[in-house]
Amino acid sequence: MSKKSLVIVIALVAVAAALSIVLYNLLKEPEGKTDDGLLIVNEVDPDSVDTIEVESDGGKSTLTREGGGWTYESGEADKLLTEAALTQLSYLYASEVIAESVDEPEKFGLSPPRVKVKLAAGGKSHTYLFGEPSSDMRGYYLIMEGDPRLYLFPAGNYAQIEKAFAAFAPLALDIDQKNLTDIAFSTSGREVALTIIPTGERVGNEMWKLNE
């Protein structure tokens, strides 16, 4: 091969290599992002999650994996709701990073948080704090313990989690039964009211009377 031909071959190889690098960088997903362009905050194998703790101003619930389903304080949990929420929590993706650190978390509804979630998986725990929605309602502020950054969690993803949160919220009320005299509630558009029967007027185990 002549010297001229060798130079041409080397030049072509160099051009091909450069084009390959450019093409690879164009086609590959940016590091730390999903195919949809969402930022990967954290990823946990959902099958390895043993418990899910959910805490808000309404109380605290702990869901525990038992066999092929989930249970919590009030009994058996809805499997579909639990699995839907677990998917969003196991593959925790954000739409954007709002700030590299948070000096005043209370401004974003994170101190105290709107909802605190803790996953226990494989002997490790993963804790997420969800705050208030952004002003444009595109998402909810999010921080993960151990990560200083402030994220925006997509509103649609949060809606699935919140639906499960509502279903598993504690129903018990902190009321002193001795001081309870009246109960009123609405059902099918009709209000029902109950009044406690004075001790001396009770018949058998009857304690409440229906107000007509």
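For reference, positions follow the sequence shown, starting with 1. This one's a predicted model, so the numbers in the text were calculated from it and none came from an experiment.
A heavy-atom distance below 4.5 Å is found between the side chains of E43 and Y93. Side-chain atoms of L81 and K163, non-hydrogen and from C-beta on, do get closer than 4.5 Å to each other. For the pair R149 and I143, the minimum side-chain heavy-atom distance is 4.5 Å or more. Residues L152 and S134 meet the side-chain proximity criterion, which asks for heavy atoms closer than 4.5 Å. Between Y140 and N157 there is no side-chain heavy-atom pair separated by less than 4.5 Å. Between K60 and E53 the shortest side-chain heavy-atom distance falls below 4.5 Å. With contacts defined as side-chain heavy-atom distances shorter than 4.5 Å, the pair V54/V115 qualifies. Using a 4.5 Å heavy-atom threshold, the side chains of Y91 and P46 count as touching.
For the atom pair S125 OG and E145 CD, the distance stands at 7.5 Å (nearest 0.5 Å). Separation of atoms OG1 (T71) and CD (E66) is listed at 3.5 Å; rounding is to 0.5 Å. In this structure, CG in L92 is found 9.0 Å from OG in S90, a value given to the nearest 0.5 Å. Annotation: the span from L150 atom CG to M144 atom CE amounts to 13.0 Å, rounded to 0.5 Å. Atom CH2 in W70 sits 10.5 Å away from atom NZ in K79 (nearest 0.5 Å). Taking OG1 from T82 and CG from L63, the interatomic distance works out to 5.0 Å, rounded to the nearest 0.5 Å.
Hydrophobic clustering (ILVMFWY, side-chain heavy atoms < 4.5 Å, transitive): I40 and L86 are in distinct clusters. Follow the hydrophobic side-chain contacts under 4.5 Å out from V117 and you reach F153 in the same cluster. If you chain together hydrophobic residues whose side chains sit under 4.5 Å apart, L142 and L39 fall into the same group.
Salt bridge annotation for E132-K107: absent, with no cationic side-chain nitrogen under 4.0 angstrom from a carboxylate oxygen. Note on E96 versus R138: salt bridge recorded, some NZ/NE/NH1/NH2 to OD/OE distance being below 4.0 Å.
The aromatic ring centroids of Y151 and Y141 lie 6.0 Å or more from each other.
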Pair R65, T51 - check side chain to side chain contact (heavy atoms under 4.5 Å, CB included), show working.
CA-CA 6 Å; R65 187 190 295 274; T51 61; over 6 Å; no
Should F130 and E162 be marked as a side chain to side chain contact (heavy atoms under 4.5 Å, CB included) after you check the CA-CA gap, both sets of side-chain angles, and the distance that decides it?
CA-CA 10 Å; F130 293 92; E162 190 172 51; over 6 Å; no
Given side chain to side chain contact (heavy atoms under 4.5 Å, CB included), test T64 with Y72 step by step and report yes or no.
CA-CA 6 Å; T64 304; Y72 71 120; over 6 Å; no
Test side chain to side chain contact (heavy atoms under 4.5 Å, CB included) applied to L89 and L119, step by step:
CA-CA 8 Å; L89 294 168; L119 303 183; 4.1 Å; yes
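Minimum heavy-atom separation, L129 to L110: O-CD2, 3.4 Å. Closest non-hydrogen pair, P154 versus A94, comes out as CD-CA, 4.1 Å. The two residues S56 and R114 come nearest to each other via the heavy atoms CB-O, 3.4 Å.
Between the side chains of N42 and Y128, at least one donor-acceptor pair of N or O atoms lies under 3.5 Å.
Judged purely by atom type and a 3.5 angstrom limit, T34 uses its side chain to pair as donor or acceptor with the backbone of L38.
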